[in-house]
Amino acid sequence: MKKGNSPGCSPVFVDTTLRDGGQSPGVFFDGPTKMAIVAALDRIGVGEIEVGTPCLGQREIEDLQVLLSMPVSAELFPWLRPVEEDFVAAMRLGFRRVHISFPVSAGHMASVWGSGMSGVLERVRKSVRKMSAEGCRVSVGMEDASRASMDFLQEFVEAVGMEGGIRVRYCDTVGCHHPAELLERIGRIAGWGVPVEVHCHNDLGMATANTVAAFHAGADYLSTTVTGVGERAGNAVMEEVAFALSFSGEGPVETGIDLPGLAHLSRWLHGVVGRSLSPYRPIVGSRIFQHSSGIHVDGVIKNPANYELFPPDRVGAKRKIVVTHQTGKSGIRNVLERMGYRPSPEALERLVPRIREEGWRLKGIVPSQTILNHFLSLLKELDPGDSARQGS
């Protein structure tokens with residue numbers, strides 16, 4: 001029985017930006033943009049890409065045909081309903097890898113599908129058997145698994161495995177799980193003999209944490225979207241999951257993902273979907289490597305690892321010391337030295353309170369030129385000999 005993934009195990013990232021991300025109201029990907037996203041995902045090392053669903057009609061089918069013809073290493077597949085027309089469309093397009101989704105909670109089975117447990121089990125067996133016989137590798141989604149009975153989930157997973165399905169996708173459809181709960185459930189499911197993928201939504205802000213927990217519990221496949229774009233509050237954020245696996249926990253996980261490339265893709269995609277990028281957003285925010293408070297500035301100058309989990313070049317960024325009302329001697333000295341000046345200890349003692357007062361007055365960042373002006377003014381108050389020693 002599988003007991004969870006160790007730090008040496010590598011996950012497979014399953015991107016659903018084009019499918020689940022495209023379902024977010026107001027988000028639209030045209031054909032060329034879809035191609036650019038697939039090419040970028042392939043380039044950074046994403047293993048599988050869920051590229052859309054043929055049930056959206058002819059234009060979607062035409063886009064799927066183009067995407068499937070792209071020379072990429074990543075495996076492309078469509079999301080299908082368990083209905084004949086979707087199966088036929090996927091086969092005509094030439095897909096030999098598909099994903100089929102089924103409701104598994106009592107509420108979804110009754111109100112979404114109008115069926116009970118036995119009907120769903122019969123349908124999943126028939127669908128997986130049919131598509132497998134056509135030469136397809138079939139993964140099966142368990143919609144609303146977070147509110148499903150574990151006893152029924154076991155019957156469902158075993159049915160998928162018996163009919164030749166390659167894995168099941170555990171869906172936290174409304175984002176109601178917390179990591180400890182998901183850790184326990186995925187740990188059990190991973191022992192039922194079928195590989196597990198996890199697909200988390202972010203309604204409570206825990207999709208990334210849940211996805212990381214699920215990996216450590218035994219889910220080898222991680223369904224995420226770039227920037228976290230998706231229905232309602234979105235999905236697990238690929239860049240956050242990849243960096244969390246790489247830099248947190250007992251030991252680093254080799255994700256196989258080009259981390260700087262992923263950060264670049266995330267910043268680009270924010271613009272594509274028309275959403276503002278917070279400067280403080282984890283991984284890709286423009287200010288997450290800026291330091292101003294006295295203790296932090298002194299510590300990061302002595303050793304960046306004191307206050308930075310990973311180097312800024314891992315996300316294509318640069319470290320910056322900024323001066324505010326909280327900055328001390330180390331930060332002010334750093335700014336002046338970058339401008340070519342070497343302030344003496346005495347000058348710094350006198351300069352710090354003046355710069356802090358500027359910070360209070362400005363209610364924010366003190367510009368470098370303001371710091372320099374105060375420093376040069378201070379030099380004039382000192383004797384000429386001391387002034388000479390302060391210059392560049």
Geometric cation-pi criterion, R123 with F102: 6.0 Å, 45° = no
query = How far does CG of D20 sit from CG of N235, to the nearest 0.5 angstrom?
reply = 4.0 Å
ask   = Under a 4.5 Å side-chain heavy-atom rule over Ile, Leu, Val, Met, Phe, Trp and Tyr, are L269 and V72 clustered together?
value = yes
task = Check whether more than 12 heavy atoms from other residues, nucleotides or ligands sit under 6.0 Å from atom CZ of R338, and answer yes or no.
result = yes
Expected output: side-chain T324 to main-chain G359 donor-acceptor under 3.5 Å = no
ask   = Would you say D86's side chain and L80's backbone share a donor-acceptor pair under 3.5 angstrom?
value = no
message = Taking the six-membered ring for Trp, are Y170 and Y221 closer than 6.0 Å centroid to centroid?
response = no
Side-chain touch T211/E240, heavy atoms, less than 4.5 angstrom = no
query = Can you find a side-chain donor-acceptor pair between H296 and Q326 that sits under 3.5 Å?
reply = no
key: Any side-chain heavy-atom pair of Q154 and V157 under 4.5 Å   = no
Short side-chain to backbone donor-acceptor contact, N202 and M206, under 3.5 Å = yes
key: Heavy-atom side-chain proximity of I37 to V226 below 4.5 angstrom   = no
request  = Flag the pair L259 / F243 as yes when at least one side-chain heavy-atom distance between them is below 4.5 Å, and no otherwise.
outcome  = yes
query = Does a donor on one side chain sit under 3.5 Å from an acceptor on the other, for S149 and D151?
reply = no
query = Can you tell me how far the CD1 atom of I100 sits from the NZ atom of K130, to the nearest 0.5 Å?
reply = 10.0 Å
ask   = Are W79 and V120 grouped together when hydrophobic residues (ILVMFWY) are joined by side-chain heavy atoms under 4.5 angstrom apart?
value = no
query = Crowded around M150 CE? As in, over 12 foreign heavy atoms under 6.0 Å?
reply = yes
message = Would you say S139 and R97 are linked by a side-chain donor-acceptor pair, where the criterion is simply a distance under 3.5 Å?
response = yes
query = Sub-3.5 Å donor-acceptor pair from the side chain of N210 to the main-chain atoms of H177, do we have one?
reply = yes
query = Using 4.0 Å as the upper bound for N to carboxylate O, is an ion pair formed by D298 and K302?
reply = yes
message = Could you check whether atom CH2 of W268 has more than 12 heavy atoms from other residues, nucleotides or ligands sitting under 6.0 Å from it?
response = yes
query = Applying the side-chain contact (heavy atoms from CB on, under 4.5 Å) test to M238, which of T227, V46, T225 qualifies?
reply = V46
ask   = Within a reach of under 6.0 Å around NE2 of H270, are more than 12 heavy atoms found that belong to other residues, nucleotides or ligands?
value = yes
message = Has R319 got a side-chain atom pairing as donor or acceptor with P312's backbone, closer than 3.5 angstrom?
response = no
task = Classify the ring geometry between H199 and H201 as parallel (under 30°), tilted (30 to 60°) or perpendicular (over 60°).
result = perpendicular
task = Taking S266 for its side chain and L262 for its backbone only, find out whether a donor-acceptor pair lies under 3.5 Å.
result = no
query = If you look at every heavy atom in L222 and P11, which pair is closest and at what distance?
reply = CD1-CB, 3.7 Å
request  = Identify which one of T17, V237, V272 satisfies the side-chain contact (heavy atoms from CB on, under 4.5 Å) criterion when paired with V229.
outcome  = T17
message = Assess, by modelled atom type and distance only, whether the side chains of S223 and R19 contain a donor and an acceptor separated by less than 3.5 Å.
response = no
inquiry  = Any salt bridge linking E60 with K34? Criterion: basic side-chain nitrogen under 4.0 Å from a carboxylate oxygen.
reply    = yes
Residue pair V168 / W192, side-chain heavy-atom distance below 4.5 Å = no
message = Regarding E358 and R361, does a basic nitrogen lie under 4.0 Å from an acidic carboxylate oxygen?
response = yes
key: Exercise: do D144 and T173 side chains pair donor with acceptor under 3.5 Å   = no
query = Donor-acceptor pair, R43 side chain versus D258 backbone, under 3.5 Å?
reply = no
Basic-acidic side-chain contact under 4.0 Å: R96, E134 = no
query = Under 4.5 Å between any side-chain heavy atoms of P367 and L362, yes or no?
reply = yes
inquiry  = Strictly below 4.0 Å, N to O, side chains only: are E50 and R169 in salt-bridge contact?
reply    = yes
task = Quick one: do T208 and V241 satisfy side chain to side chain contact (heavy atoms under 4.5 Å, CB included)? Show the steps, please.
result = CA-CA 6 Å; T208 290; V241 172; 4.0 Å; yes
note = Interatomic distance, CZ@F87 vs OG@S127, rounded to 0.5 Å, equals 3.5 Å
message = Determine whether S330 and R333 satisfy the following criterion, side chain to side chain contact (heavy atoms under 4.5 Å, CB included), listing intermediate values before the conclusion.
response = CA-CA 5 Å; S330 294; R333 181 193 299 114; 4.0 Å; yes
task = Using the side chain to side chain contact (heavy atoms under 4.5 Å, CB included) rule, take E158 and M162 through it: C-alpha gap first, then chi angles, then the decisive distance, then the call.
result = CA-CA 6 Å; E158 290 174 350; M162 188 174 300; 5.6 Å; no
request  = Any chance you could measure F289, atom CZ, to F310, atom CZ, to the nearest 0.5 Å?
outcome  = 4.5 Å
Same cluster (ILVMFWY, side-chain, under 4.5 Å), V198 and V138 = yes
message = So V366 and V335, do their side chains get closer than 4.5 Å, heavy atoms only?
response = no
request  = Would you kindly confirm whether V196 and I166 end up in one hydrophobic cluster when ILVMFWY residues are joined by side chain heavy atoms under 4.5 Å apart?
outcome  = no
query = Same hydrophobic cluster for V128 and V83, using side-chain heavy-atom links shorter than 4.5 Å among ILVMFWY?
reply = no
ask   = What pair of heavy atoms forms the shortest contact from T327 to S292, and how long is it?
value = OG1-O, 2.7 Å
key: Nearest non-hydrogen partners of A90 and V98, listed with the distance   = CB-CG1, 4.1 Å
key: CD1 (I295) with more than 12 external heavy atoms under 6.0 Å   = no
key: Any side-chain heavy-atom pair of L245 and F13 under 4.5 Å   = yes
task = Without swapping roles, check the side chain of S132 against the backbone of R129 for a donor-acceptor pair under 3.5 Å.
result = no
message = If I compare all heavy atoms of L93 with all of I61, which pair ends up nearest, and what's the gap?
response = CD2-O, 3.5 Å
task = Mark yes when over 12 heavy atoms from residues, nucleotides or ligands other than E122 sit less than 6.0 Å from its CD; otherwise mark no.
result = no
inquiry  = I'd like to know whether F77 forms a side chain to side chain contact (heavy atoms under 4.5 Å, CB included) with C136, so could you lay out the CA-CA distance, the side-chain angles of the two residues, the decisive distance to 0.1 Å, and finally the verdict.
reply    = CA-CA 10 Å; F77 65 95; C136 286; over 6 Å; no
task = Could you grab the distance from atom NE2 of H374 to atom CD1 of I332, nearest 0.5 Å is fine?
result = 10.0 Å
query = If you take all heavy atoms of S146 and D172, which pair is closest and at what distance?
reply = OG-OD1, 2.9 Å
ask   = By side-chain hydrogen bond (donor to acceptor under 3.5 Å, both in side chains), which residues pair with E337, not counting sequence neighbours?
value = none
inquiry  = Tell me the closest heavy-atom pair linking A347 and F375, and the distance in Å.
reply    = CB-CE1, 4.3 Å
query = Can you tell me how far the CD1 atom of I355 sits from the CG atom of L348, to the nearest 0.5 Å?
reply = 10.0 Å
